[in-house]
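Take a look at the structure set out below.
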Amino acid sequence: MSNNKKILLVEDKGDEKVNALLRVLIVDDSEDDAKLIIRQLHKGGYNPKWERVETAEAMEAALNREQWNVILCDYKMPHFSAPAALKLVQNKNIDIPFIIVSGAIGEDTAVTAMKSGAHDYLMKDKLAKLVVAIEREIREAKMRQDKKKTDERLKKSEENFRHSLDDSPLGIRIVTTDGKTLYANQEILNIYGYDNFEELASTPHKKRYTPECYAEYEIRQLKRRRGEYVPPVYELSIIRKNGDIRYLEVFRKQVLWNGEMQFQALYADITERKQAEKNLQESNERYRIVVENAHEAIIITQDMKLVFANRAATEQIGYSKETLTSGVFTSFIHPDDRRMVADYSIKRLNGEIVPSVYSFRILSQDGKVKWVELNATVIEWNKKPATLNFLNEITERKLLEEERIEGYNRIKKTLKATVQSIALIVEAKDPYTSGHQERVSHLAEAIAKEMGLTADQQDFVGTAAIIHDLGKISIPSEILSKPTKLSELEFNLIKIHSMSGYNILRDIDFPWPVADVILQHHERMDGSGYPQHLQGEAILLEARILAVADVVEAISSHRPYRSALGISFALDDISKSKGILYDANVVDTCLKLFREKNFAFS
């Protein structure tokens with residue numbers, strides 16, 4: 001019953017009363033008196049669920065079996081009494097309204113019972129007040145229970161808070177406005193080296209702080225007394241019990257402590273950090289000397305300005321240090337490259353991913369254009385983000401690269417012309433399919449591009465496609481141009497053209513395996529192709545692309561033995577054989593080109 005959450009009241013609706021369930025334990029030796037009580041509860045608008053007991057054993061069993069809203073107890077019975085019943089309830093630690101309803105009880109006896117824990121008493125001849133008394137006691141019982149829960153939660157919260165302070169890895173003190181210590185956890189004792197709280201609390205600040213720190217402490221206290229702002233975060237240099245000096249970072253804020261506003265100070269030992277900062281400062285000085293005299297050009301940029309340049313940088317860029325560090329750092333960069341360099345610098349400082357190494361042009365003081373390669377990383381300079389840049393002049397390397405590119409382009413152009421010449425030889429042999437290879441090449445390249453293949457792969461596919469029928473030069477012209485259906489022997493002769501093309505090209509040093517693609521362009525995904533009956537992924541992707549492009553062009557174009565069947569027929573044909581004869585992804589890409597992107601043979 002200590003978890004009872006209901007307040008049972010009578011709800012009025014005009015002349016009608018809604019009956020509320022009320023669980024009543026009646027402790028009385030008289031069945032008639034119990035019925036009178038129940039009748040009175042009905043009159044009060046309740047629908048009581050009740051049980052009558054008259055012994056301690058019966059009462060205890062009832063309490064164990066049911067949760068009751070109220071106990072109505074006669075004061076004196078042959079085998080039981082109200083004080084004994086009350087004691088039984090109290091032993092069970094149950095908070096249930098306990099009302100004595102007796103036929104004859106003296107006022108002194110009633111007062112004694114109330115002091116013992118009974119909540120009210122009524123005479124049996126004054127039952128008209130019973131409902132009012134029950135409702136009042138139920139309300140008060142709920143208030144008691146709610147308060148008990150609140151107190152328990154508050155106590156638990158305080159215990160958790162105290163445990164969190166005790167177990168904190170940070171030193172923690174609770175202090176008054178004037179600095180008196182009310183609480184200190186174990187970690188703050190460890191920091192100061194004191195054995196107990198009393199030793200810490202009794203040691204004056206002047207003895208705990210270094211002279212410089214104590215002077216700063218007095219200034220903070222003076223400002224606080226004047227109501228002036230004092231930053232909540234500050235640093236201390238303290239003297240431990242053994243005389244060692246430690247450095248602490250303190251965060252101070254107001255907290256509620258034992259019902260009053262006090263201050264909580266959190267202490268973090270930063271001695272190692274301070275020593276590291278000192279070491280870093282010394283290291284920075286040594287580093288500055290090394291950097292200043294390095295042979296590699298080194299510059300530091302911050303807030304779009306060049307804030308440091310070593311001697312090598314001034315010599316490489318061709319400006320004095322004063323000139324370099326007096327303006328925007330992009331001023332010596334070639335106008336066409338300034339936006340790129342500035343964007344990379346800003347994005348790098350913002351944590352975005354940009355190339356750490358890249359090249360651009362600079363303008364030296366004499367007007368010459370130089371190429372430099374920059375290797376950049378983010379650092380901290382004067383406690384602010386900055387970029388450390390290493391510059392290497394690569395002008396000669398760039399010129400060589402440009403010469404190599406020009407040479408490569410010449411070779412590529414020559415290769416393309418050579419391949420085109422080979423294609424013309426094939427067309428001269430088979431004039432009835434003039435333009436077939438070129439159209440297949442255009443479609444194959446378009447498919448490769450749509451599939452997301454690299455530019456190099458696209459060139460590979462286009463090159464193989466434009467000479468894919470090279471092997472037909474070994475086939476008699478009368479078979480190639482025969483206007484009727486080929487015999488089985490003639491068709492077998494035609495089928496050797498892929499092997500013939502491979503044999504012609506296999507010893508040519510193309511940048512790609514062109515001969516292999518030409519050999520495989522009549523292979524099919526299910527192994528039904530020729531000449532090797534390859535299946536699936538065993539066929540080069542470029543050959544699978546060429547196969548689809550070749551079939552689409554051939555079906556849609558005129559042949560000596562039939563008229564053109566049209567592009568719609570060709571697309572339907574590859575759709576039916578998708579995943580069987582032809583690569584499904586290649587077919588889907590080809591269909592997309594024609595049906596969504598308006599590709600057409602030119």
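For this chain, numbers begin at 1 and follow the sequence in order.
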- Note on the structure: Those residues at least two apart in sequence (or on a different chain) that pass side-chain hydrogen bond (donor to acceptor under 3.5 Å, both in side chains) with Asp526 are Ser528
- Task: Might you confirm whether atom NZ of Lys576 has over 12 heavy atoms from other residues, nucleotides or ligands at distances under 6.0 Å?
- Result: no
- Query: Quick one: does Ile300's side chain get under 4.5 Å of Asn389's, heavy atoms only?
  - Reply: no
- Query: Is a donor on one side and an acceptor on the other found under 3.5 Å between the side chain of Glu523 and the backbone of His533?
  - Reply: yes
- Yes or no on salt bridge (charged side-chain N to carboxylate O under 4.0 Å, His left out) for Glu393 and Lys398, after CA distance, side-chain angles and deciding distance? CA-CA 10 Å; Glu393 186 180 348; Lys398 272 290 182 180; over 6 Å; no
- Task: Establish, for the pair Lys305 and Phe329, whether the NZ or CZ atom is under 6.0 angstrom from the six-membered ring centre and no further than 45 degrees off its axis.
- Result: no
- Give a yes or no on this: more than 12 heavy atoms of other residues, nucleotides or ligands lie within 6.0 Å of atom CD1 of Ile353. no
- Message: Are there over 12 heavy-atom neighbours, none belonging to Asp509, within less than 6.0 Å of that residue's CG?
- Response: no
- Count the heavy atoms of every other residue, nucleotide or ligand shown that sit under 6.0 Å from OH of Tyr247, and state whether that count exceeds 12. no
- Message: Would you say the ring centers of His436 and His468 fall short of 6.0 Å from each other?
- Response: yes
- Rounded distance (nearest 0.5 Å) linking atom CG of Leu280 with atom CD of Glu380: 8.5 Å
- Task: For Val307 and Thr301, run side-chain contact (heavy atoms from CB on, under 4.5 Å): C-alpha distance rounded to whole Å, both residues' side-chain angles, the deciding distance at 0.1 Å, then the answer.
- Result: CA-CA 6 Å; Val307 295; Thr301 56; over 6 Å; no
- Message: Show the nearest heavy-atom pair for residues Ala342 and Met304, with the distance to one decimal.
- Response: CB-CE, 3.9 Å
- Message: Within the 4.5 Å heavy-atom criterion, are Leu324 and Ile299 side-chain neighbours or not?
- Response: no
- Message: Nearest 0.5 angstrom please: Leu591 CG to Ser575 OG, how far?
- Response: 4.0 Å
- Query: Minimum heavy-atom separation for Ser359 to Ile394, with atom names?
  - Reply: CB-CD1, 3.7 Å
- Message: Closer than 3.5 angstrom, by distance alone: can the side chain of His497 be matched with the main-chain N or O of Ile494 as a donor-acceptor pair?
- Response: yes
- Taking atom CH2 of Trp371 and atom CD1 of Ile362, what is their separation to the nearest 0.5 Å? 11.5 Å
- Item | Side-chain donor or acceptor of Arg338 paired with backbone N/O of Ser331 under 3.5 Å | yes
- Would you find more than 12 non-hydrogen atoms of other residues, nucleotides or ligands less than 6.0 Å from Glu488 atom CD? no
- Query: How far apart are the C-alpha atoms of Ser320 and Thr323, what are their side-chain angles, what is the distance that settles it, and do they pass the side chain to side chain donor-acceptor pair (under 3.5 Å) test?
  - Reply: CA-CA 5 Å; Ser320 67; Thr323 302; 2.8 Å; yes
- Message: For a 4.5 angstrom cut-off between non-hydrogen side-chain atoms, does Val233 reach Pro231?
- Response: no
- Apply side-chain contact (heavy atoms from CB on, under 4.5 Å) to the pair Ile545 and Met451, showing each step before the final yes or no. CA-CA 10 Å; Ile545 293 172; Met451 289 176 68; 4.0 Å; yes
- Do Glu445 and Ile447 have side chains that get closer than 4.5 Å, going by heavy atoms? no
- Message: Between Asp459 and Trp512, does the side chain to side chain donor-acceptor pair (under 3.5 Å) criterion hold? Intermediate values first, please.
- Response: CA-CA 9 Å; Asp459 287 343; Trp512 321 281; over 6 Å; no
- Can you name the nearest heavy-atom pair linking Gln520 to Ala543, along with the distance? CB-CB, 3.7 Å
- If you round to the nearest 0.5 Å, how far is CG of Asp469 from CG of Asp550? 6.0 Å
- Item | More than 12 heavy atoms from other groups under 6.0 Å of CD on Gln281 | no
- Looking at side-chain heavy atoms only, is the closest gap between His442 and Val440 below 4.5 Å? no
- Message: Restricting to non-hydrogen atoms, name the atom on Phe510 and the atom on Ile467 that form the minimum distance, rounded to 0.1 Å.
- Response: CZ-CD1, 4.4 Å
- Smallest heavy-atom separation, Leu248 atom then Asp269 atom, equals CD2-CA, 3.7 Å
- Query: Can you list the steps and then say if Arg348 with Glu352 is a salt bridge (charged side-chain N to carboxylate O under 4.0 Å, His left out)?
  - Reply: CA-CA 5 Å; Arg348 184 179 294 106; Glu352 299 180 43; over 6 Å; no
- Message: Could you go through Phe251 and Leu266, starting from their C-alpha distance and side-chain angles, then the distance that decides it, and tell me whether this counts as side-chain contact (heavy atoms from CB on, under 4.5 Å)?
- Response: CA-CA 5 Å; Phe251 175 69; Leu266 306 179; 4.0 Å; yes
- Query: Under the 3.5 angstrom rule, does the side chain of Gln302 hit a backbone N or O of Pro385 as a donor-acceptor pair?
  - Reply: yes
- Note on the structure: From the list Arg544, Arg524, Lys578, salt bridge (Lys or Arg N to Asp or Glu O under 4.0 Å) with Asp583 holds only for Arg544
- Message: Any side-chain to backbone donor/acceptor pair from Lys370 onto Gln316? Under 3.5 Å, distance only.
- Response: yes
- Heavy atoms, side chains only, cut-off 4.5 Å: are Ile574 and Cys590 in contact? yes
- Give a yes or no answer on whether the side chain of Ser441 reaches the backbone of Gly462 with a donor-acceptor pair at less than 3.5 Å. yes
- Message: Rounded to the nearest 0.5 Å, what separates atom CD in Glu296 from atom CD1 in Ile298?
- Response: 6.0 Å
- For the residue pair Tyr358 and Phe360, categorise the inter-ring angle as parallel (less than 30°), tilted (30 to 60°) or perpendicular (more than 60°). tilted
- Has the side chain of Glu187 got a donor or acceptor atom that lies under 3.5 Å from a matching backbone atom of Ile172? no
- Task: Start with the C-alpha distance between Asp303 and Lys384, add both sets of side-chain angles, then the distance that settles side-chain contact (heavy atoms from CB on, under 4.5 Å), and finish with yes or no.
- Result: CA-CA 9 Å; Asp303 298 332; Lys384 290 176 60 180; 2.8 Å; yes
- Expected output: side-chain Ser556 to main-chain Glu553 donor-acceptor under 3.5 Å: yes
- Item | Arg339, CZ atom: more than 12 neighbouring heavy atoms under 6.0 Å | no
- Item | Distance (rounded to the nearest 0.5 Å) between Leu546 CG and His522 NE2 | 8.0 Å
- Quick one: closest heavy-atom pair of Tyr229 and Pro232, and the distance? OH-CD, 3.4 Å
- Message: Checking the side chain of Ser577 only, and the main-chain atoms of Leu581 only, is there a donor and an acceptor separated by less than 3.5 Å?
- Response: no
- Assess whether salt bridge (charged side-chain N to carboxylate O under 4.0 Å, His left out) is satisfied between Arg311 and Glu315, documenting all intermediate values. CA-CA 6 Å; Arg311 187 179 298 110; Glu315 293 172 357; 5.3 Å; no
- Query: Hey, does the side chain of Asp573 reach the backbone of Phe569 with a donor-acceptor pair shorter than 3.5 angstrom?
  - Reply: no
- Query: Is there side-chain contact between Leu519 and Pro531, with heavy atoms separated by less than 4.5 Å?
  - Reply: yes
- With under 30° as parallel and over 60° as perpendicular, where do the rings of Phe594 and Phe599 fit, or are they tilted in between? perpendicular
- Message: Quick check: do Asp516 and Leu540 have side-chain heavy atoms less than 4.5 Å from each other?
- Response: yes
